[in-house]
There are 2 protein chains.
Amino acid sequence: MGLAKTEMFTDLQNEIALYAKVFGHPARVSILQHLFKIDTCVCGDLVNEIGLAQPTISQHLKELKNLGLIQGTVEGTSVCYCIHKENWTQMKEVMLKFLDQDLPKSDCC
Amino acid sequence: MGLAKTEMFTDLQNEIALYAKVFGHPARVSILQHLFKIDTCVCGDLVNEIGLAQPTISQHLKELKNLGLIQGTVEGTSVCYCIHKENWTQMKEVMLKFLDQDLPKSDCC
DNA sequence: GATATTAATCGTAATATTGCAATGTACTTA
DNA sequence: TAAGTACATTGCAATATTACGATTAATATC
């Protein structure tokens, strides 16, 4: 089917999955790492940095923007993208809580 | 195309993306949360806990197992699944390093 | 206004993912 | 050995994702 049955899961489970999904492609990981490395960034840089075509990068940027993890402001003919600090921190809290659960002490298997 | 061009990214970027991808579905998030909550677990429990059909759960479990995040040992007719502590810790380190990068101090946009 | 530059959007092809019915496999118990 | 239980695998339909050429939109420069 290709369609996840989101309605049978909790909001938190869906939220975690949405964040994880956007990190589930190396191009988006690469974009984010690049945005962390240099404070300011235009899309053209990313197209050169990463090997993908301009529409592809633009599409990945859109997904990151839709989740609020990055923001872009128009600057002349180019667009300046950067990490959305507040939303990133909020996402981080959610993901850390999921990743950092206490491991069971007993060896079960 | 649907095919990620993994060869143009670093091993780390691909590793992060692979981990993230497996967390990118609420059913797998739910399975993991359940495995954290109770130390020991058989698949049947999960089918009841989550609303999906048995083959679907089995498939999700397989993906988690392929990445090494869970382990399953046969116990009579049922299978006991649980978190693979060592691999989970290792994955956590990789993901934390990615999520916990220093946010740029200057406001760029 | 005409042209160049930059990035978004559209359309489409190729591939991946999700979900489940049907079936297979392995073990247990009568 | 037959029947039951628990899970894995197969096969398939529906949908999603990825990538990019072509085009469009917006701004800048001549």
Side-chain angles (χ1 to χ4, degrees), chain A residues 1-9 13-14 17-31 34-35 40-67 70-82 109, chain B residues 1-9 13-14 17-31 34-35 40-67 70-82 109:
Chain A
M1 302 206 158
L3 172 60
K5 294 193 159 179
T6 55
E7 74 282 359
M8 51 181 31
F9 302 102
Q13 285 161 350
N14 282 311
L18 276 180
Y19 282 137
K21 204 176 200 175
V22 89
F23 298 141
H25 193 291
R28 289 190 291 264
V29 171
S30 175
I31 286 172
H34 194 69
L35 289 182
T40 268
C41 187
V42 287
C43 181
D45 283 1
L46 290 166
V47 174
N48 295 333
E49 189 79 12
I50 304 167
L52 298 169
Q54 178 267 321
T56 309
I57 299 290
S58 190
Q59 200 172 295
H60 284 307
L61 286 168
K62 192 181 175 184
E63 283 175 71
L64 290 166
K65 205 174 165 188
N66 283 345
L67 263 186
I70 64 172
Q71 59 189 280
T73 51
V74 178
E75 201 129 309
T77 54
S78 60
V79 178
C80 162
Y81 278 109
C82 61
C109 306
Chain B
M1 302 203 160
L3 172 62
K5 296 194 160 178
T6 55
E7 75 280 0
M8 51 178 35
F9 301 102
Q13 284 161 351
N14 281 312
L18 275 180
Y19 283 137
K21 205 177 198 173
V22 90
F23 297 141
H25 194 289
R28 291 189 291 265
V29 171
S30 176
I31 287 172
H34 195 68
L35 288 181
T40 270
C41 186
V42 287
C43 181
D45 283 2
L46 289 167
V47 174
N48 295 334
E49 189 78 14
I50 303 166
L52 298 169
Q54 179 266 322
T56 308
I57 299 290
S58 190
Q59 199 172 298
H60 285 307
L61 286 168
K62 192 180 176 185
E63 284 175 72
L64 289 166
K65 205 175 166 186
N66 282 345
L67 263 187
I70 65 173
Q71 59 189 284
T73 52
V74 177
E75 202 131 308
T77 54
S78 60
V79 177
C80 164
Y81 278 109
C82 62
C109 309

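First the proteins, then the strands, lettered A, B, ... as listed; each starts at 1. No experiment lies behind these values; they were computed from the predicted model shown.
- Residues in residues 44-55 of chain A take part in no side-chain hydrogen bond (donor to acceptor under 3.5 Å, both in side chains) pair, two or more places apart or across chains.
- The CG atom of B:L3 sits 8 Å away from the C1' atom of C:dA14 (whole-angstrom rounding).
- In this structure, CG on A:L64 lies 6.0 Å from CD1 on A:I31, to the nearest 0.5 angstrom.
- In this entry the distance linking CD1 of B:I70 with P of D:dC7 reads 12 Å, nearest Å.
- The stretch residues 19-28 of chain B has no heavy atom under 4.0 angstrom from DNA chain D at all.
- What separates CD1 of A:I31 from P of D:dA19 is a distance of 10 Å, to the nearest Å.
- Nucleotide C:dA8 holds its C1' atom 15 Å from the CG atom of A:L46, rounded to whole Å.
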Pairs of donor and acceptor atoms involving the side chains of residues 20-30 of chain B, under 3.5 Å and at least two apart or interchain, shall be tabulated with distances.
unit_1	atom_1	unit_2	atom_2	d
B:H25	ND1	B:A27	N	3.0
B:R28	NE	B:V22	O	2.7
B:R28	NH1	B:H60	ND1	3.0
B:R28	NH1	B:E63	OE1	3.3
B:R28	NH1	B:E63	OE2	3.4
B:R28	NH2	B:K21	O	3.4

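- Here the P atom of nucleotide C:dG19 and the CD1 atom of B:I50 are 10 Å apart, to the nearest Å.
- In this view, A:K5 and A:E7, A:M8, B:L52 satisfy the side chain to side chain contact (heavy atoms under 4.5 Å, CB included) rule, not counting sequence neighbours.
- By the 4.5 Å heavy-atom criterion applied to side chains, B:V42 and B:Y81 are not counted as neighbours.
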Listing time: all N or O pairs from protein to nucleotides 2-6 of chain D that are below 3.5 Å?
unit_1	atom_1	unit_2	atom_2	d
D:dA6	O4'	B:T77	O	3.3

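- For the pair A:M8 CE and C:dC20 C1', the interatomic distance rounds to 12 Å; values are reported in whole Å.
- Look at CG on A:N66: it is 14 Å from C1' on D:dT17, rounded to the nearest Å.
- The phosphate of C:dA8 has OP1 or OP2 within less than 4.0 Å of a side-chain N or O from A:Y81.
- A 4.5 Å side-chain heavy-atom check between A:T73 and A:V79 finds every atom pair outside the cut-off.
- Atom C1' of nucleotide D:dA19 and atom CD of B:E7 are separated by 12 Å, given to the nearest angstrom.
- Here the CG atom belonging to B:L67 is positioned 6.0 Å from the CG atom belonging to B:L18, to the nearest 0.5 angstrom.
- The distance from the CG atom of B:L46 to the CG atom of B:L35 is 6.0 Å, given to the nearest 0.5 Å.
- In this structure, A:N14 and A:F9 approach most closely via the heavy-atom pair ND2-O, 3.6 Å.
- Taking side-chain N and O atoms only, B:K65 has no distance below 4.0 Å to OP1 or OP2 of D:dA8.
- Sorted by residue number, the members of residues 51-62 of chain A with any non-hydrogen atom under 4.0 Å from DNA chain C read A:Q54, A:P55, A:S58, A:K62.
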